[in-house]
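Positions are given from 1, in the same order as the sequence printed here. Computed from a predicted structure; not experimentally measured.
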Amino acid sequence: MRLYFIALQFLTIIPLPFSPRWEENDLGRSMAFFPLVGLTIGGLLAGADFLLTQYLPRPVGDLLLVALLAGVTGALHHDGLADVCDGLAARGARERFLAVMKDSRIGAVGVVGLVLGLLLKYQAILALPPEVKRQALFFFPVVARFAQVQMTVGSRRAREDGLGAACIAGAGVAQVAVAGIVTLAAAYLLFGVKGIACWAVLSLLTAGVRAWSHRRLGGVTGDVIGCASELNEIICLLIIVGMYGKLT
């Protein structure tokens, strides 16, 4: 379980009563447990939803769920979404794109992309039928964390430093296999065949983002991985709304 706790410590700000021992390439090896951390985050969201529905109108409660998700992850992947949007707006060569993403300042396009992403996530959660809402809250963080594994394993490094390079260093076939099994099991148990279909669509999306990143940047970075994760969360929720929206 040491690698699970390393993954939990990396992906969330959930405090641990101890400090897990880190060894070289442990971050990459811990990616096998990224979807399990996603399931942990999903359980936190589902539990919060259960409590919030007792006391608050649904629109307010669902907005708090979006805030809770951003808070518990330290907005790590939101930063990636904003940075990639700024990089796209720069319209320069590879070096210009990488320099813009590395800049700690956020530009106007990054702000617009981040706000639109949060609004889409909020509206999608709000549109979830009550009959499948808790399952969706468990599921979408899982597939997004698997997307991070899919983006990383077998990829080239667009730069030699940063979180993306650290993940690539230790991640391999074993990590993507374990992560895939956990994700597929969650998909089937929560949504049956429709869950598998949703996962398949999102895997194709992630493969497209990965191919674009290799072509445009020569590899992947932590920001691109985070951006892919955010896109998976948003599109997963939209797919579920599309599949089950008629229940409302």
Side-chain angles (χ1 to χ4, degrees), residues 3-16 19-20 22 26-45 48 64-87 98 100-107 110-111 113-122 125 137 140-153 155 157-159 161-171 175 179 202 206 209-210 213 217 220-237:
L3 291 176
Y4 165 76
F5 287 119
I6 288 175
L8 184 69
Q9 193 174 57
F10 174 68
L11 292 173
T12 74
I13 61 168
I14 296 174
L16 297 176
S19 295
W22 285 64
D26 268 354
L27 181 57
R29 287 195 287 264
S30 75
M31 296 193 84
F33 298 95
F34 273 26
L36 192 58
V37 173
L39 197 62
T40 304
I41 296 170
L44 180 63
L45 292 175
L64 288 175
L65 290 178
V66 175
L68 175 62
L69 178 61
V72 79
T73 59
L76 177 65
H77 313 307
H78 300 81
D79 180 65
L81 175 62
D83 284 345
V84 170
C85 288
D86 278 336
L98 291 172
V100 169
M101 287 197 297
K102 196 170 184 179
D103 194 333
S104 61
R105 295 168 296 181
I106 184 172
V111 171
L114 182 58
V115 170
L116 287 176
L118 290 170
L119 285 174
L120 279 169
K121 196 178 298 185
Y122 168 62
I125 292 175
L137 291 177
F140 82 88
V142 176
V143 291
R145 273 73 199 166
F146 176 74
Q148 296 173 28
V149 184
Q150 186 183 351
M151 286 288 297
T152 302
V153 174
S155 290
R157 310 178 190 186
R159 57 165 63 103
D161 59 346
L163 293 176
C167 289
I168 290 171
Q175 281 68 42
L202 292 169
T206 305
V209 174
R210 174 175 156 159
S213 184
L217 303 176
V220 300
T221 69
D223 283 328
V224 176
I225 295 170
C227 178
S229 179
E230 282 297 300
L231 291 176
N232 268 260
E233 286 191 350
I234 294 166
I235 296 174
C236 178
L237 288 167

Under the side chain to side chain contact (heavy atoms under 4.5 Å, CB included) rule, what do Ile125 and Leu237 come out as? Steps first, then yes or no, please.
-> CA-CA 7 Å; Ile125 292 175; Leu237 288 167; 3.8 Å; yes
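- Qualifying side chain to side chain donor-acceptor pair (under 3.5 Å) partners for Asp86, counting only residues two or more places apart in sequence or in other chains: none.
- Among all heavy-atom pairs drawn from Cys227 and Val84, the shortest one is CB-CG2, 3.7 Å.
- Every residue was checked against the side chain to side chain donor-acceptor pair (under 3.5 Å) condition with Ser213, not counting sequence neighbours, and none meets it.
- Taking each heavy atom of Met101 and Asp83 in turn, the nearest pair found is O-OD2, 3.2 Å.
- Under the 3.5 Å distance criterion, the side-chain polar atoms of Ser229 are left unmatched by any main-chain donor or acceptor of Ile225.
- Summarising the geometry, atom CG belonging to Leu202 is positioned 5.0 Å from atom CG belonging to Asn232; distances are rounded to the nearest 0.5 Å.
- Counting only heavy atoms from C-beta outward, the side chains of Val72 and Leu44 approach each other to under 4.5 Å.
- Of all heavy-atom pairs spanning Gly71 and Ile13, the tightest one is O-CD1, 3.0 Å.
- With hydrogens and angles ignored, the 3.5 Å screen pairs a side-chain donor or acceptor of Arg210 with a backbone N or O of Gln150.
- Closest heavy-atom contact between Val66 and Tyr122: CG2-CA, 3.8 Å.
- Annotation for Cys85 and Gly110: closest pair CB-CA, 4.0 Å, computed over non-hydrogen atoms.
- Glu230 meets the side chain to side chain donor-acceptor pair (under 3.5 Å) test with Lys121; sequence neighbours excluded.
- Smallest separation of non-hydrogen atoms from Leu69 and Glu233: CD2-OE1, 3.5 Å.
- To the nearest 0.5 Å, the span separating CD1 on Ile14 from OG1 on Thr40 amounts to 7.0 Å.
- The side chain to side chain contact (heavy atoms under 4.5 Å, CB included) test applied to Leu3 returns Ile6, Asp26, Arg29, Ser30, Phe33, not counting sequence neighbours.
- With sequence neighbours excluded, no residue forms a side chain to side chain donor-acceptor pair (under 3.5 Å) with Thr12.
- Residues Leu45 and Pro141 are in side-chain contact: their nearest non-hydrogen atoms beyond the backbone lie under 4.5 Å apart.
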Without placing hydrogens or testing angles, list every side-chain donor-acceptor pair under 3.5 Å for residues 74-82, not counting sequence neighbours.
{"unit_1": "His77", "atom_1": "NE2", "unit_2": "Gln148", "atom_2": "NE2", "d": "3.3"}

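- The shortest side-chain heavy-atom distance between Ile41 and Arg145 falls under the 4.5 Å cut-off.
- Considering CZ of Phe5 and CG of Leu16, their distance stands at 6.5 Å, rounded to 0.5 Å.
- Interatomic distance, Phe10 CZ to Met31 CE, rounded to the nearest 0.5 Å: 7.5 Å.
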